Amino acid sequence: MHESPSPQQSLPGPMPAYGQQSYARPVPAYEQQPSFAAVPAPARWRYKPRRALWDNKAVRAGAVMLLLALCGLIILALVREQTGTEGFLVGLGLAVLPVPLLIAAFRWMDRVEPKPWRNLIFAFAWGACAATLVALLANTFATKWLVSTIDVSQRADAWGATFVAPVVEESAKAAAILLLFVFRRRDFNGIVDGVVIAGLTATGFAFTENILYLGNAFASDQSFGHSGLGSTTVATFFMRVLMSPFAHPLFTSMTGLGFGIAATFGPRRPVLRVVIPIAALLTAMVLHGVWNGSATLGGLAFLAVYALFMVPVFGVLTWLTIWSRQNELRTVRAHLPAYQAAGWLTPPEPIALSSMRARGIARDVARRHGGKPAAHAVAEYISFATSLAFLRQRAYRGTAGPDFTAREQELLHHLWQRKHIAQPALASAATTVPIPFVPPPSPWAGGYAGYPQQPGQHF
């Protein structure tokens, strides 16, 4: 085992929320911890509090997988019934084309603190299976209700698309964001997380919806003998896949944005934590309704809404997400010096870990000297250190859970077991990037404006 920190060094405790005397008990000094020689291998060292049966991860994961699989089978049967087997296969082949590009875009946004794959897979599967099933059934029922209750039989489809579909579909997609916000709160830190989860949920929803639209268009062309560039299939493909693949992700990202903002508020602001996601969901519904309404008008009205409204909104959201991504790097740079002062990190690490370029260089350095296993160890080290910074940030905000200390120590154990490989690589990478000035957390942000000046100093 590697040399341990000095017994005089101890890890700073959780930050007190602004205006409070103490957030939680201090993290115990290092000498009070069990010997690292007795710690199992990293893959087997996990924080496992006692939980009820339903809180068991395997039970919940199995139940969710079963539910999504059932929804997938039902929606598959319904879509195939409407489009026919041949139409379904054609629609599937065309609808899958934009999916890799959209997933790659959202994964790029998520590179600073990548979310667990199980969360991303759940979001996509919920959109593709559960949300589409709810939308298909609810839209059909609501449209029939409109026709039977209100005299809109001549424009039932337009009314349904403009007023019913946005409410039903955005609510169904928002359910995935809400579930992850509640049950995977540890992985939900801010705007980028909300937009990424919302975008992947909407990508899955658009994927299944495009199968339905493209399959129906192909079946219609087969019935009427249409083919070539003038066919309904080509027109539908151009409108839904080439011209507006971002439509559903854009709408639902508004909801994700609201949940991301709510994640930054502490328990002292319960009203804002509820009101902002609801307002964001309503915004998503309005955008969706405007888009669908313009599509029913056709021609110049649709192009005007597309160019003057949807494209600028998409540009603003993209800028905001990129800015938030950079802000995540500033969070890493601002919060890791507390662990450097306590002796857990070396001085170059906060600098290297707050630069995507330096992270890549560190992995390359490790790969040249130790092969793929070394590069993988560095990547894991970067991930754990980033999670540590965001955990610290939640303590500043007063949003960290009661397991803050246990989670903090778990992350530090993982860093300790990889430090002999990662720290030299990060030190080498830190010399290649300029040192940015990042101010410490401000009291106005719910924290305080200082770091410990001596190893072992507590807050």
Side-chain angles (χ1 to χ4, degrees), residues 14-15 17-18 105-116 119-120 123 174 176-202 249-250 252-270 272-281 283-284 316-336 350 353-356 359 382-401 404 407-408 411 438-442 444-447:
M15 312 304 161
Y18 185 63
F106 288 114
R107 287 293 291 167
W108 177 86
M109 294 179 187
D110 196 37
R111 280 183 62 198
V112 175
E113 189 198 16
K115 297 296 162 286
N119 292 4
L120 305 182
I177 310 172
L178 176 62
L179 289 172
L180 290 174
F181 184 82
V182 173
F183 295 105
R184 289 290 183 268
R185 186 65 183 84
R186 175 188 295 179
D187 304 318
F188 217 118
N189 296 309
I191 290 175
V192 173
D193 300 330
V195 171
V196 168
I197 293 299
L200 288 174
T201 303
L250 174 61
T252 312
S253 290
M254 294 297 166
T255 306
L257 181 65
F259 277 97
I261 294 174
T264 65
F265 291 121
R268 292 176 296 166
R269 297 179 177 179
L272 289 178
R273 296 179 74 181
V274 174
V275 170
I276 290 180
I278 293 176
L281 175 59
T283 302
V316 170
L317 180 64
T318 302
W319 171 84
L320 179 61
T321 305
I322 293 174
W323 175 86
S324 300
R325 185 177 182 266
Q326 291 301 116
N327 194 51
E328 289 187 333
L329 292 173
R330 289 190 287 270
T331 297
V332 173
R333 180 68 180 89
H335 288 279
L336 287 184
L353 290 166
S354 61
S355 167
M356 297 304 297
R359 291 180 176 200
I382 292 171
S383 177
F384 288 129
T386 305
S387 297
L388 193 62
F390 279 94
L391 181 68
R392 200 78 173 175
Q393 183 191 48
R394 289 201 297 273
Y396 271 100
R397 294 170 174 170
T399 59
F404 172 88
R407 174 61 176 162
E408 183 180 50
L411 291 170
V438 180
S442 166
W444 303 106

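Owing to the predicted nature of the structure, the values given are computational and were not obtained by experimental measurement. In what follows, residues are counted from 1 in the order of the sequence shown.
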Student: Test side chain to side chain contact (heavy atoms under 4.5 Å, CB included) on Glu113 and Ser387; report intermediate values, then the result.
Tutor: CA-CA 7 Å; Glu113 189 198 16; Ser387 297; 3.9 Å; yes

Student: To the nearest 0.5 Å, tell me how far Gln393 CD sits from Leu388 CG.
Tutor: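 One gets 12.0 Å once the value is rounded to the nearest 0.5 Å.
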
Student: Within the 4.5 Å heavy-atom criterion, are Leu320 and Val195 side-chain neighbours or not?
Tutor: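 No, their side chains stay 4.5 Å or more apart.
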
Student: Which distance, rounded to the nearest 0.5 Å, do you find between the CD1 of Ile191 and the CD of Glu328?
Tutor: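 Taking CD1 in Ile191 and CD in Glu328, the distance rounds to 9.5 Å.
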
Student: Kindly indicate, with the supporting measurements, whether the criterion side chain to side chain donor-acceptor pair (under 3.5 Å) is fulfilled by Thr386 and Arg359.
Tutor: CA-CA 11 Å; Thr386 305; Arg359 291 180 176 200; 2.8 Å; yes

Student: By ring-ring contact (aromatic ring centres under 6.0 Å, His included), which residues pair with Phe106, not counting sequence neighbours?
Tutor: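 Per chain and number, Phe106 pairs via ring-ring contact (aromatic ring centres under 6.0 Å, His included) with no residue.
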
Student: Tell me, do Arg107 and Leu120 make a side-chain contact under 4.5 Å, heavy atoms counted?
Tutor: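 Sidechains of Leu120 and Arg107: in contact.
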
Student: For a 4.5 angstrom cut-off between non-hydrogen side-chain atoms, does Ile322 reach Trp108?
Tutor: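 Yes; the side chains approach each other to less than 4.5 Å.
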
Student: On the ring face of Phe390, is Arg392 found with NZ or CZ under 6.0 Å from the centre and within 45° of the axis?
Tutor: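 Here Arg392 fails the 6.0 Å and 45° test against Phe390.
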
Student: So, taking the atom named OG1 in Thr283 and the one named CD1 in Ile278, what distance separates them when rounded to the nearest 0.5 Å?
Tutor: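 Atom-to-atom, Thr283:OG1 and Ile278:CD1 are 12.0 Å apart.
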
Student: Please name the pair of heavy atoms, one in Pro277 and one in Ala262, separated by the smallest distance, quoted to 0.1 Å.
Tutor: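 Nearest heavy atoms, Pro277 then Ala262: CG-CB, 3.8 Å.
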
Student: Looking at Thr321 and Val192, what are the two nearest heavy atoms and their distance?
Tutor: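 Between these two residues, the closest heavy atoms are O-CG2, 3.8 Å.
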
Student: With sequence neighbours excluded, what pairs up with Arg184 under the salt bridge (charged side-chain N to carboxylate O under 4.0 Å, His left out) test?
Tutor: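 In terms of salt bridge (charged side-chain N to carboxylate O under 4.0 Å, His left out), with neighbours along the sequence ignored, Arg184 is linked to no residue.
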
Student: List the atom of Ala263, the atom of Arg397, and the distance in Å for their closest heavy-atom pair.
Tutor: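 Nearest heavy atoms, Ala263 then Arg397: O-NH1, 4.1 Å.
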
Student: In Å, rounded to the nearest 0.5 Å, how long is the span from CZ of Arg394 to NE2 of His335?
Tutor: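 Nearest 0.5 Å value for the CZ-NE2 distance: 11.0 Å.
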
Student: Report yes if some heavy atom in the side chain of Leu200 is under 4.5 Å from a heavy atom in the side chain of Asn119; otherwise report no.
Tutor: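 No. Closest side-chain heavy atoms not under 4.5 Å.
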
Student: Should Leu272 and Ile261 be marked as a side chain to side chain contact (heavy atoms under 4.5 Å, CB included) after you check the CA-CA gap, both sets of side-chain angles, and the distance that decides it?
Tutor: CA-CA 9 Å; Leu272 289 178; Ile261 294 174; over 6 Å; no

Student: Dump the intermediate steps for side chain to side chain contact (heavy atoms under 4.5 Å, CB included) on Asp187 and Ile197, then the final yes or no.
Tutor: CA-CA 11 Å; Asp187 304 318; Ile197 293 299; over 6 Å; no

Student: Distance check, rounded to the nearest 0.5 Å: Tyr396 atom OH versus Leu391 atom CG?
Tutor: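 It is 12.0 Å, given to the nearest 0.5 Å.
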
Student: Under the side-chain hydrogen bond (donor to acceptor under 3.5 Å, both in side chains) rule, collect the residues that match up with Asp193, sequence neighbours excluded.
Tutor: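 Applying side-chain hydrogen bond (donor to acceptor under 3.5 Å, both in side chains) to Asp193 gives Lys115.
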
Student: How long is the straight-line distance from CZ of Arg273 back to CZ of Phe259, given to the nearest 0.5 Å?
Tutor: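 Interatomic distance, Phe259 CZ to Arg273 CZ, rounded to 0.5 Å: 11.0 Å.
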
Student: Is Arg330 reaching over with its side chain to a backbone N or O of Arg333, donor-acceptor style, under 3.5 angstrom?
Tutor: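 It does not hold such a pair.
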
Student: On a heavy-atom basis, which atom in Ile276 and which in Phe265 lie closest, and how many Å separate them?
Tutor: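 Looking at all heavy atoms of both residues, the closest pair is CD1-CE1, 3.3 Å.
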
Student: Between Ala284 and Thr255, what is the shortest heavy-atom contact and its length?
Tutor: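 Closest approach of Ala284 to Thr255, heavy atoms only: CB-OG1, 3.5 Å.
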
Student: Quick check: closest heavy atoms across Ala123 and Leu180, and the distance to 0.1 Å?
Tutor: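 Heavy-atom minimum between the residues: CB-CD1, 4.4 Å.
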
Student: Taking the side chain as C-beta and beyond, is there a heavy-atom pair between Leu329 and Leu353 under 4.5 Å?
Tutor: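 A side-chain contact under 4.5 Å is absent here.
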
